[in-house]
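Since we're looking at a predicted model, the values are computed, not measured. In this chain, residues are counted from 1 in sequence order.
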Amino acid sequence: MGQIIVTRRDGSEYPLAVKKDATTITSARQNWSLLSEDVVNITIESPYPQDYRIGDTIRAFARDYRLNRLPRVRKTGVYKYTYDLTFEGVQYDLLRVFYDLTIETTSNVLQDVQGDALTGDLRRFATVLVSNANRVYPNRWRLGSCPGTVSDKTLSFSEGDNCLAVLQNLCKEFEVEMEIVQVSGVYVINFHEKVGATLPIEFSFGNGLYALDRQNVDSSNIITRLKAYGSTDNITHKYRAHRLCLPGKSKAQSFIEKTEAVRKYGIHEACKIFEDIKPTFNGRITGTFVGEVLKFSDASMFDLNEKGPDGETKYLIAGVSAKIHFNTGNLAGYEFDVHEYDHPSRTFTLKQFQDESGHKFPSDNAVAFQFDVGDEYKILDVTLPGRYQQEAEEKLKEEAEKHYNENSQPKVKYGLSVSKSYLEKLFGTDASANVFSPGDSLHIIDAGIGVDKSVRIQAVDRNLLDVYDYTLTISDTVETSILSSMVSELSSVNNAITMNGLSDPAKAKSNWRSSREIMGMVFDPDGDY
């Protein structure tokens with residue numbers, strides 16, 4: 001890689017190793033993992049004390065790394081100092097930024113905030129995150145690609161939540177992966193279903209051009225017969241099961257099974273329920289009425305009042321109110337009962353509701369709490385026309401096939417060390433580029449356990465002093481450290497405690513008294529209470 005240049009906060013630069021001062025770099029490695037750490041660890045020896053400061057940055061393989069804590073220093077001789085420096089990737093800057101829900105991100109974000117919770121799709125949460133990052137680092141962060149999500153979510157946050165923890169949680173909640181790339185000095189956050197590319201390289205176990213070490217094999221979760229179901233939402237007694245099933249299949253037949261997988265491993269049954277997949281009508285408001293805050297029209301709406309040959313309504317469910325859930329606009333995340341639907345004019349009339357504070361929604365006066373033309377919504381608690389069920393069934397099949405293919409072979413993990421000459425032959429002499437990146441897929445053949453498939457790179461360990469010195473961790477699954485899992489779980493528990501006031505002794509006593517009063521009013525002839 002050549003000389004490593006450090007940039008100070010004031011813009012000045014200095015080399016990390018100075019030959020004339022006998023200051024040398026004894027070790028420098030990049031450790032970069034998928035959805036996890038991204039650091040450069042450097043060890044320096046010098047006969048003189050060195051001056052390294054928090055905020056110093058280096059650039060390694062087109063990526064910025066910053067010194068966020070002072071190095072470890074050891075004096076191992078009269079004129080021998082050893083420094084261990086850890087330069088962290090730009091994602092660690094988000095540790096220093098609070099996820100503030102009250103920030104102005106769009107014209108109406110404040111109206112979507114309900115206490116310490118926010119409702120929206122992935123783009124909405126990511127927009128708030130990027131705006132907070134720019135609050136601390138002006139004009140340095142931007143949201144790039146962001147896929148549409150199946151449904152909105154309501155997530156709660158504590159005042160101390162940092163943007164990095166929120167970013168990782170969004171990936172978990174919406175089942176996506178993220179990458180941060182630098183474009184003209186701006187850090188761009190891209191969300192994908194899966195990051196990385198499929199590299200046209202094939203590695204087979206035992207080849208002499210590289211060392212491919214099988215580290216573990218997990219066959220406990222092999223699936224060769226996958227029962228797949230969708231949500232119960234918008235599914236009624238008129239459907240063939242209480243949950244969405246695969247196309248043309250009954251509940252008992254709603255499974256995927258492939259002959260080749262069964263031949264190799266036998267029958268291994270599993271059940272996967274895709275709660276987010278349901279028959280859904282996504283509408284858009286095409287008209288509103290002056291002075292009528294509860295009415296809107298949608299020119300694309302089907303006849304909700306249509307009746308079948310037996311005289312029963314085809315789509316409305318007896319005893320259940322149809323509901324409108326707004327996906328976008330001032331009322332995004334809010335849900336309203338339908339009071340009336342008039343098909344000739346394609347007009348809905350909603351029921352207004354009042355919260356605990358006495359505020360009415362939709363508001364009679366405040367425009368910020370009213371719907372408008374262009375707002376998107378979905379209709380719930382109805383039976384949808386057949387075409388929407390078919391679309392949902394095809395989506396269920398697509399997701400089930402994907403899950404089956406990912407789990408119909410043993411889970412494997414490999415360590416891969418590739419010879420320098422082999423990499424030079426494959427990629428030429430452009431040593432500064434990232435030949436391998438976390439998330440990329442390599443084709444692995446391991447005849448011993450019947451593996452012949454693309455396996456993803458989970459971690460890259462690269463030597464800055466010898467740029468073709470790579471060690472890769474290749475695995476089917478993304479592994480989260482025990483510490484990260486514990487921190488995530490504790491954060492979720494803390495949010496639940498905060499949101500529900502469970503740490504308030506007065507509230508606990510009040511709940512205890514209420515439960516005793518209720519028990520006192522119950523007639524119990526058997527004396528069990």
**Item:** Verdict with supporting geometry, Glu257 and Lys249, salt bridge (Lys or Arg N to Asp or Glu O under 4.0 Å)
**Value:** CA-CA 13 Å; Glu257 178 181 318; Lys249 295 188 177 183; over 6 Å; no
**Request:** Please check if any side-chain donor atom of Tyr187 sits under 3.5 Å from a side-chain acceptor atom of Asp93, or the reverse.
**Result:** no
**Asked** When you look at Asp64 and Gln182, which way does the side chain to side chain donor-acceptor pair (under 3.5 Å) test go after all the steps?
**Response** CA-CA 8 Å; Asp64 289 341; Gln182 186 170 351; 3.1 Å; yes
**Item:** Salt-bridge present (Glu401, Lys258; N to O < 4.0 Å)
**Value:** yes
**Message:** Please confirm whether the ring centroid of Tyr315 lies under 6.0 Å from the ring centroid of Phe302.
**Reply:** yes
**Request:** May I have the step-by-step check of salt bridge (Lys or Arg N to Asp or Glu O under 4.0 Å) for Lys378 and Glu335, ending in yes or no?
**Result:** CA-CA 10 Å; Lys378 57 188 175 185; Glu335 203 168 281; over 6 Å; no
**Asked** What about Tyr334 and Phe326, are their ring centers closer than 6.0 Å?
**Response** no
**Salt bridge Lys194-Glu175, side-chain N to carboxylate O under 4.0 Å** = no
**Asked** Can you list the residues that meet the ring pair (Phe, Tyr, Trp, His ring centres under 6.0 Å) rule with Tyr99, with sequence neighbours excluded?
**Response** Phe157
**Item:** Between Ser363 and Asn365: side-chain donor-acceptor atoms closer than 3.5 Å
**Value:** no
**Prompt:** Is the count of non-hydrogen atoms from other residues, nucleotides or ligands lying under 6.0 Å from Asp355 atom CG greater than 12?
**Reply:** yes
**Message:** Under 4.0 Å between a side-chain nitrogen and a carboxylate oxygen: does that hold for Lys397 and Glu394?
**Reply:** no
**Salt-bridge contact Glu399-Lys395 (side-chain N to carboxylate O under 4.0 Å)** = yes
**Item:** Least distance between heavy atoms, Arg140 atom then Asn134 atom
**Value:** N-OD1, 3.1 Å
**Prompt:** How would you list, by chain and number, every residue that makes a side chain to side chain donor-acceptor pair (under 3.5 Å) with Glu269, sequence neighbours excluded?
**Reply:** Arg225
**Prompt:** Do His192 and Glu177 get their side chains close enough for a donor-acceptor pair, meaning under 3.5 Å?
**Reply:** no
**Request:** Identify whether NZ of Lys or CZ of Arg in Lys272 sits under 6.0 Å from the centre of the six-membered ring of Phe274 and within 45° of that ring's axis.
**Result:** yes
**Prompt:** Once you round to the nearest 0.5 Å, how far does CG of Asp38 lie from CH2 of Trp32?
**Reply:** 6.5 Å
**Request:** Could you list the residues that satisfy side chain to side chain donor-acceptor pair (under 3.5 Å) with Tyr388, not counting sequence neighbours?
**Result:** none
